[in-house]
Amino acid sequence: DTGVSQDPRHKITKRGQNVTFRCDPISEHNRLYWYRQTLGQGPEFLTYFQNEAQLEKSRLLSDRFSAERPKGSFSTLEIQRTEQGDSAMYLCASSLFKLGSYNEQFFGPGTRLTVL
Amino acid sequence: GQQLNQSPQSMFIQEGEDVSMNCTSSSIFNTWLWYKQDPGEGPVLLIALYKAGELTSNGRLTAQFGITRKDSFLNISASIPSDVGIYFCAGSRAGGTSYGKLTFGQGTILTVHP
């Protein structure tokens with residue numbers, strides 16, 4: 001399978017616990033994006049990387065959220081001290097960016113987080 | 001928050017009917033994308049549009065990038081049961097660090113009755 005993969009697919013945690021999600025992009029893609037999707041809404045942008053550099057973070061990304069892409073390949077998204085409002089689907093996407101190219105982002109299956 | 005207005009919110013149609021949905025924005029976008037999402041899965045890219053006025057087809061799907069760069073529509077012809085799902089429009093702006101992110105509409109829920 002050469003698509004975007006995410007792990008785990010589902011996570012149930014208690015309020016106050018920390019959680020970490022992993023995303024493996026399509027192998028030749030240099031850009032990696034994180035989005036959050038709540039029920040009945042479209043995905044909302046959180047942050048994105050070009051190679052290992054984090055280029056933009058949304059104001060939605062509070063101080064409890066941190067994302068890394070240390071070697072420019074896979075990425076992790078950590079949420080510290082989870083709150084019930086963090087319950088959502090966390091989606092990862094990747095794209096191949098070249099100057100003058102198009103921004104076709106391909107999504108993974110998502111990680112469904114439930115905070116009790 | 002989201003800045004794309006997508007309509008209709010939901011559609012109930014008979015198999016074989018054509019479907020049309022659209023997306024409008026108060027801001028200009030330089031790329032429009034249409035995705036389909038099944039329950040519990042990530043969005044799957046259907047069609048990408050890059051030039052104002054562009055009309056692009058992918059099988060029974062046809063999408064257009066509005067001349068003003070502030071709207072797009074998606075048509076599905078001769079619907080079949082597997083067309084059921086949620087359809088999202090998404091836009092990407094030109095320039096600066098905003099180039100990377102996509103802004104999504106609220107989605108159109110499509111139900112197809114056999």
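All chains are named by letter (A, B, ...) in the order of the sequence lines, taking the proteins before the strands, and each is independently numbered beginning at 1.
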Contact leader toward chain A among B:P43, B:G107, B:C89, where contacts are heavy-atom pairs under 4.5 Å
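The residue among B:P43, B:G107, B:C89 with the greatest pair count is B:P43.
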Checking an interface table here. Which of residues 60-70 of chain A come within a heavy-atom distance under 4.5 Å of chain B?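 Within residues 60-70 of chain A, no residue comes under 4.5 Å of chain B, counting heavy atoms only.
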Please list, one pair per line, the donor and acceptor atoms closer than 3.5 Å that link side chains of residues 108-116 of chain A to other protein atoms, with sequence neighbours excluded.
from   : atom 1 : to   : atom 2 : distance (Å)
A:T111 : OG1    : A:P8 : O      : 2.5

*Residues, nucleotides or ligands: over 12 heavy atoms within 6.0 Å of B:I80 CD1*: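 More than 12 heavy atoms, drawn from other residues, nucleotides or ligands, come within 6.0 Å of this atom.
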Heavy-atom count around B:E17 CD within 6.0 Å, excluding the residue itself: above 12?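 Atom CD in B:E17 is crowded, with more than 12 foreign heavy atoms closer than 6.0 Å.
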query = chain B heavy atoms under 4.5 Å from A:R59: which part of the residue, side chain, backbone, both or neither?
reply =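 When you check distances to chain B, no heavy atom of A:R59 falls under 4.5 Å.
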message: Please classify the contact of A:Q37 with chain B as side chain, backbone, both or neither, using a heavy-atom distance under 4.5 Å.
response: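 Contact with chain B is through the side chain of A:Q37 alone.
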Kindly determine whether B:E41 and A:R9 satisfy side-chain contact (heavy atoms from CB on, under 4.5 Å), including the steps that lead there.
CA-CA 10 Å; B:E41 299 294 330; A:R9 292 292 308 275; 3.6 Å; yes
Assigning hydrophobic clusters by single linkage (Ile, Leu, Val, Met, Phe, Trp, Tyr; side-chain heavy-atom cutoff under 4.5 Å), is [X] placed with [Y]?
| X | Y | answer |
| --- | --- | --- |
| A:M89 | A:Y35 | yes |
| A:I79 | A:F74 | no |
| B:L61 | B:F73 | no |
| B:I47 | B:V19 | yes |
| B:F65 | B:F29 | yes |

Original post:
Which is it for B:L45 and A:F106 under the side-chain contact (heavy atoms from CB on, under 4.5 Å) test, yes or no, and what are the steps along the way?
Top reply: CA-CA 7 Å; B:L45 182 62; A:F106 297 89; 3.9 Å; yes
Hey, could you give me the CD/CG distance between A:E44 and B:L102, rounded to the nearest 0.5 Å?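 The CG atom of B:L102 is 13.0 Å from CD of A:E44, to the nearest 0.5 Å.
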First locate atom OH of A:Y33, then atom NZ of B:K101, and finally report the distance between them rounded to the nearest 0.5 Å.
->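 Here the interatomic distance stands at 12.5 Å.
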| Contact summary for B:F104 and A:P43, nearest pair of heavy atoms |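 Looking at all heavy atoms of both residues, the shortest contact is CD1-O, 3.4 Å.
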Engaged part of B:Q6 at the chain A interface, taking heavy atoms whose separation is under 4.5 Å: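 It is neither, since no heavy atom gets under 4.5 Å.
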Validation row, ring centre A:F107 to ring centre B:Y35 under 6.0 Å: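 Between A:F107 and B:Y35, the centre distance is under 6.0 Å.
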